Chemist: 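Can you read through this structure? Questions will come right after.
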Protein chains: 2
Amino acid sequence: MTTRRPTIRDVARSAGVSVTTVSHTFTGNGTVAPATQQRVRTAAQDLGYRPDVIAQGLRRNRLGVIALVARQLDTLHPELLYDVDYFARFAGAAAVASLAEGLGLMLVSDPTGPRAAGAALASDGFIVTEPVTDDPLVAMLTSAGIPFVTVGETPGAPLAPGSPPHVDIESGRLTTLALDHLWESGARRIALVTGTDRNEWNLRSAAVYRRWARYRRITPSMVHVPEHLDDEGGRRAAATLLASGPAPDGIYALTSNHALGAVEVLTDQGLRVPDDVRIVAGSDAESLRAAHPPISSIDLQPDELARRAVELLAARLDGRPVPDHAQHRVGRLVVRASSAPPAPQP
Amino acid sequence: MTTRRPTIRDVARSAGVSVTTVSHTFTGNGTVAPATQQRVRTAAQDLGYRPDVIAQGLRRNRLGVIALVARQLDTLHPELLYDVDYFARFAGAAAVASLAEGLGLMLVSDPTGPRAAGAALASDGFIVTEPVTDDPLVAMLTSAGIPFVTVGETPGAPLAPGSPPHVDIESGRLTTLALDHLWESGARRIALVTGTDRNEWNLRSAAVYRRWARYRRITPSMVHVPEHLDDEGGRRAAATLLASGPAPDGIYALTSNHALGAVEVLTDQGLRVPDDVRIVAGSDAESLRAAHPPISSIDLQPDELARRAVELLAARLDGRPVPDHAQHRVGRLVVRASSAPPAPQP
DNA sequence: ATGAAAGCGCTAACAC
DNA sequence: GTGTTAGCGCTTTCAT
């Protein structure tokens with residue numbers, strides 16, 4: 001504490017070599033005789049020397065840290081944090097993937113905001129999850145020339161060559177998957193409940209749903225509820241659906257907590273799930289698995305999305321060719337009791 | 001992109017002042033005439049100048065980033081991530097609190113490991129959640145003189161003056177709270193299910209439970225299952241409890257997923273919750289709320305713990321007096337159906 | 001194979 | 001109130 005930490009100079013002196021040599025033995029640049037290397041290593045060890053990452057960062061103009069902008073953190077009210085499972089799995093997997101790339105993962109809220117922590121800008125690149133229409137952050141990063149990738153497309157962004165690189169969340173395919181599944185499990189009056197954030201997931205799902213409804217020749221019925229309302233939002237959505245027109249016999253709710261809240265109301269109203277109403281959530285969560293009945297969902301596989309995002313960003317940072325993830329689809333349908341066709345009575 | 005970003009020098013030249021003046025106008029040090037400040041600000045604006053955080057960091061020997069070591073990330077298998085709710089809420093709240101202190105929050109795995117990302121060490125300080133007995137990370141940080149705070153005490157650490165500063169998780173009080181609640185709801189053969197990590201939560205709960213059992217004159221019955229086994233761990237624990245001696249009529253399971261798994265097995269065995277067995281989980285989660293029946297729990301209030309940890313660390317970093325959190329207790333019992341006394345029949 | 005020296009962008013004495 | 005200048009700890013030509 002009292003004695004300052006050793007620098008490259010101390011090691012050089014102690015090993016009787018120049019700082020260049022020390023630098024080289026650690027970075028692997030240049031050439032250093034094995035014997036010398038050994039001496040340097042020993043000296044460093046003895047002194048407890050660790051290269052100063054900040055100094056390296058200044059020199060290399062690269063800190064080894066990437067930032068994750070979680071829109072769920074944009075608010076000052078962490079109690080509003082929604083989609084906890086998705087966030088946790090994404091952040092966790094992103095951190096692990098980053099470490100595998102030798103990078104640190106910083107959690108930041110929107111750095112375009114007035115309260116932007118300076119540190120946020122120290123990162124080498126950004127991962128932006130679920131950017132929204134004409135996202136100001138995307139605009140800022142683009143104009144500042146800061147490398148970034150998004151998870152999900154940026155709605156409204158020009159699809160020109162300059163379109164920001166992103167990890168495909170396959171919202172179109174997954175929406176169809178969920179809707180077809182509801183159809184096949186017998187539903188014919190299928191409603192959609194979306195969140196209100198203007199991100200790809202909400203917007204594309206709605207668009208696909210409209211097309212799908214036309215194709216199936218059913219009357220579309222949609223409700224939009226803010227994500228952060230959680231169960232309460234789901235309850236309201238269900239109430240709205242029940243109040244307006246014939247009760248749906250299938251619901252696709254994009255947010256897990258909305259699905260949960262909806263089931264509550266339906267059950268309270270004496271409707272049986274899945275016999276009277278089938279339901280599928282558009283995002284998986286523990287609570288869906290534990291619910292009664294367990295609720296089917298689209299597992300977006302945030303772990304995989306995070307891994308891809310980190311890989312993609314890391315590749316861009318290194319100027320490496322970007323990995324092609326298009327081979328393997330991501331996201332899958334998890335069928336649980338809430339949408340399972342009634343088991344044949346033995 | 002092609003043109004390098006402007007430095008303090010460029011701004012100085014463009015504003016017709018010295019670099020010192022520019023530095024001062026931005027840091028607030030020294031004194032700069034308002035008029036000059038204005039000129040500098042304008043010039044900076046025009047050039048799109050942002051102080052380089054890394055250079056500042058090098059100079060000040062402080063980056064403005066703190067690291068959160070989440071033990072759940074120590075593994076390379078993010079799918080093993082357990083206690084997702086706790087992690088997400090903690091990380092989210094920590095990130096928000098950090099931002100409020102003008103700090104960034106970095107997620108890192110154990111930096112003592114061989115694969116330590118260099119960047120991890122760039123942080124100004126560390127938050128270590130749930131350190132384990134004789135934690136090597138705690139030892140490393142201590143000997144390296146790196147500021148840190150832990151959430152929960154470090155078991156086995158000397159309680160000497162040098163004992164690492166920590167946020168009190170009140171494990172003793174909360175364990176008693178849970179056990180007394182089970183007792184009051186009618187349970188008399190109360191078993192404890194803990195995880196196997198050697199952290200304060202597991203160790204102190206076990207110790208308190210033993211004392212409490214003696215005091216209540218009941219025969220202690222404990223099972224330890226690894227946290228990452230999740231539901232399966234809970235199932236095993238319940239099976240073990242049922243196989244050995246008289247079936248418990250009350251279970252306190254420290255991990256939420258263990259509680260969930262246990263309820264599954266109990267129900268399968270024809271036992272009714274809470275009528276035959278009352279159950280309380282030692283960590284809250286969405287899935288407990290959505291479970292059937294909803295499961296009571298100790299809400300550790302990770303949001304609050306995170307906030308306190310960040311505040312404590314930030315204060316230490318600035319040499320400010322550390323906030324005294326002892327005033328307000330943290331953690332509370334959330335009573336749900338799994339341990340509610342049967343409602344009086346109308 | 002090794003070393004001297006010039007910075008990376010910024011801050012903080014210390015002059016004026 | 002403003003400017004000069006010496007570094008922070010490291011990497012990297014370019015000599016030797």
Side-chain angles (χ1 to χ4, degrees), chain A residues 3-41 43-44 47-65 102 118-119 121-124 144-146, chain B residues 3-41 43-44 47-65 102 118-119 121-124 144-146:
Chain A
T3 162
R4 87 190 198 320
R5 54 183 279 207
T7 77
I8 198 174
R9 236 186 201 70
D10 300 320
V11 179
R13 192 174 319 116
S14 155
V17 297
S18 75
V19 293
T20 310
T21 305
V22 179
S23 174
H24 282 173
T25 65
F26 281 108
T27 59
N29 296 338
T31 40
V32 182
T36 323
Q37 280 208 30
Q38 200 41 60
R39 258 190 310 142
V40 171
R41 291 229 139 77
L47 292 158
Y49 168 79
R50 301 290 255 138
D52 182 323
V53 195
I54 304 179
Q56 284 180 321
L58 177 59
R59 218 22 261 245
R60 305 209 250 239
N61 200 26
R62 195 143 160 359
L63 229 202
V65 173
L121 305 160
S123 15
D124 302 333
I146 300 174
Chain B
T3 162
R4 86 186 198 323
R5 52 182 281 206
T7 77
I8 199 174
R9 238 188 199 69
D10 300 320
V11 179
R13 192 174 320 116
S14 155
V17 297
S18 76
V19 292
T20 309
T21 306
V22 179
S23 174
H24 282 172
T25 63
F26 281 108
T27 60
N29 296 337
T31 40
V32 183
T36 325
Q37 281 207 30
Q38 202 39 60
R39 258 189 311 143
V40 171
R41 290 229 139 77
L47 293 158
Y49 168 80
R50 301 290 255 137
D52 182 324
V53 194
I54 304 179
Q56 285 179 320
L58 177 59
R59 213 28 257 243
R60 304 209 250 240
N61 200 25
R62 196 142 161 358
L63 230 201
V65 174
L121 305 161
S123 17
D124 302 333
I146 300 174

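Just so it is clear, the model here is predicted, and its values are computed rather than measured. Here is the naming used below: chain letters follow the sequence lines, and residue numbers restart at 1 for every chain.
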Chemist: If you check every side-chain atom of B:V19, which of D:dT4, D:dG9, C:dT2 has the closest atom?
Modeler: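 Given the options D:dT4, D:dG9, C:dT2, the side chain of B:V19 is closest to D:dT4.
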Chemist: For C:dT11, does OP1 or OP2 lie under 4.0 Å from any side-chain N or O of B:Q56?
Modeler: yes
Chemist: Using atom NE2 of B:H24 as one end and atom C1' of D:dT4 as the other, report the distance to the nearest whole Å.
Modeler: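 Spelled out: NE2 on B:H24 to C1' on D:dT4 is 12 Å.
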Chemist: Is it true that a side-chain atom of B:R39 and a backbone atom of B:P34 form a donor plus acceptor pair closer than 3.5 Å?
Modeler: no
Chemist: Which whole-number value in Å describes the distance from A:Q38 CD to C:dA1 P?
Modeler: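 About 17 Å, once rounded to whole Å.
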Chemist: Ignoring hydrogens and angles, does a donor from either the side chain of B:T20 or the base of C:dA12 sit under 3.5 Å from an acceptor on the other?
Modeler: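 Answer yes: a donor N or O sits under 3.5 Å from an acceptor.
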Chemist: Which is more 5' along DNA chain D, the nucleotide nearest A:P6 or the one nearest B:V17? Just name the residue.
Modeler: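 Going by which nucleotide is closer to the 5' end, it is B:V17.
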Chemist: In terms of side-chain heavy atoms, does B:T20 have a donor or acceptor partner in B:S23 at a distance below 3.5 Å?
Modeler: no
Chemist: CZ of A:R62 versus P of D:dT12: gap in Å, rounded?
Modeler: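 These atoms are roughly 12 Å apart.
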Chemist: Please determine if a side-chain N or O atom of B:N29 lies less than 4.0 Å away from the OP1 or OP2 oxygen of C:dT11.
Modeler: no
Chemist: Given that B:A55 and B:G30 both sit by DNA chain D, which one's nearest nucleotide is further toward the 5' end?
Modeler: B:G30
Chemist: Counting side-chain heavy atoms from C-beta on, which of D:dT2, C:dT2, D:dC10 comes nearest to A:T21?
Modeler: C:dT2
Chemist: Within the pair A:T31 and C:dA1, is there a side-chain N or O less than 4.0 Å away from OP1 or OP2?
Modeler: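 So the side chain of A:T31 is within the cut-off, an N or O lying under 4.0 Å from OP1 or OP2 of C:dA1.
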Chemist: Which pair of heavy atoms, one from B:T31 and one from B:H24, lies closest together, and at what distance?
Modeler: N-ND1, 4.5 Å
Chemist: Without decimals, in angstroms, what is the distance between A:L63 CG and D:dT11 P?
Modeler: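 Distance, rounded to whole Å: 13 Å.
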Chemist: Using whole Å, report how far CZ of B:R39 lies from P of D:dG1.
Modeler: 14 Å
Chemist: How many Å lie between CZ on A:R13 and P on D:dG9, as a whole number?
Modeler: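 Between P of D:dG9 and CZ of A:R13: 12 Å.
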Chemist: Can you figure out which of D:dG9, C:dT2, C:dC10 approaches the side chain of A:A33 most closely?
Modeler: C:dT2
Chemist: Which nucleotide in the list D:dT11, C:dT2, C:dG9 gets nearest to the side chain of A:L58?
Modeler: C:dG9
Chemist: Can you tell me the distance, in whole Å, between the CZ atom of A:R9 and the C1' atom of D:dT11?
Modeler: 13 Å
Chemist: To the nearest angstrom, how far is A:D124 atom CG from C:dC8 atom P?
Modeler: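 About 19 Å, once rounded to whole Å.
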Chemist: Report yes if a side-chain nitrogen or oxygen of B:S23 is closer than 4.0 Å to either non-bridging phosphate oxygen (OP1 or OP2) of C:dT11; otherwise report no.
Modeler: yes
Chemist: Could you work out which one of D:dT12, D:dG7, C:dG9 sits closest to the side chain of A:R59?
Modeler: D:dT12
Chemist: Does B:T7 put a side-chain nitrogen or oxygen below 4.0 Å from OP1 or OP2 of C:dG9?
Modeler: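 Answer is no, no contact under 4.0 Å.
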Chemist: Check whether any side-chain N or O of A:R5 sits under 3.5 Å from a backbone N or O of A:R50 as a donor-acceptor pair, and report yes or no.
Modeler: yes
Chemist: Within 45° of the six-membered ring axis of B:Y49 and under 6.0 Å from that ring's centre, is NZ or CZ of B:R41 located there?
Modeler: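 No, cation not above the ring by the 6.0 Å, 45° rule.
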Chemist: Please name the residue in the list B:V65, B:L63, B:V53 that meets the side chain to side chain contact (heavy atoms under 4.5 Å, CB included) test with A:I54.
Modeler: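 Only one option passes, and that is B:L63.
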Chemist: Would you classify A:F26 as touching base, sugar-phosphate or nothing, given that sugar-phosphate means primed atoms plus P, OP1 and OP2, and contacts are heavy atoms under 4.0 Å?
Modeler: nothing
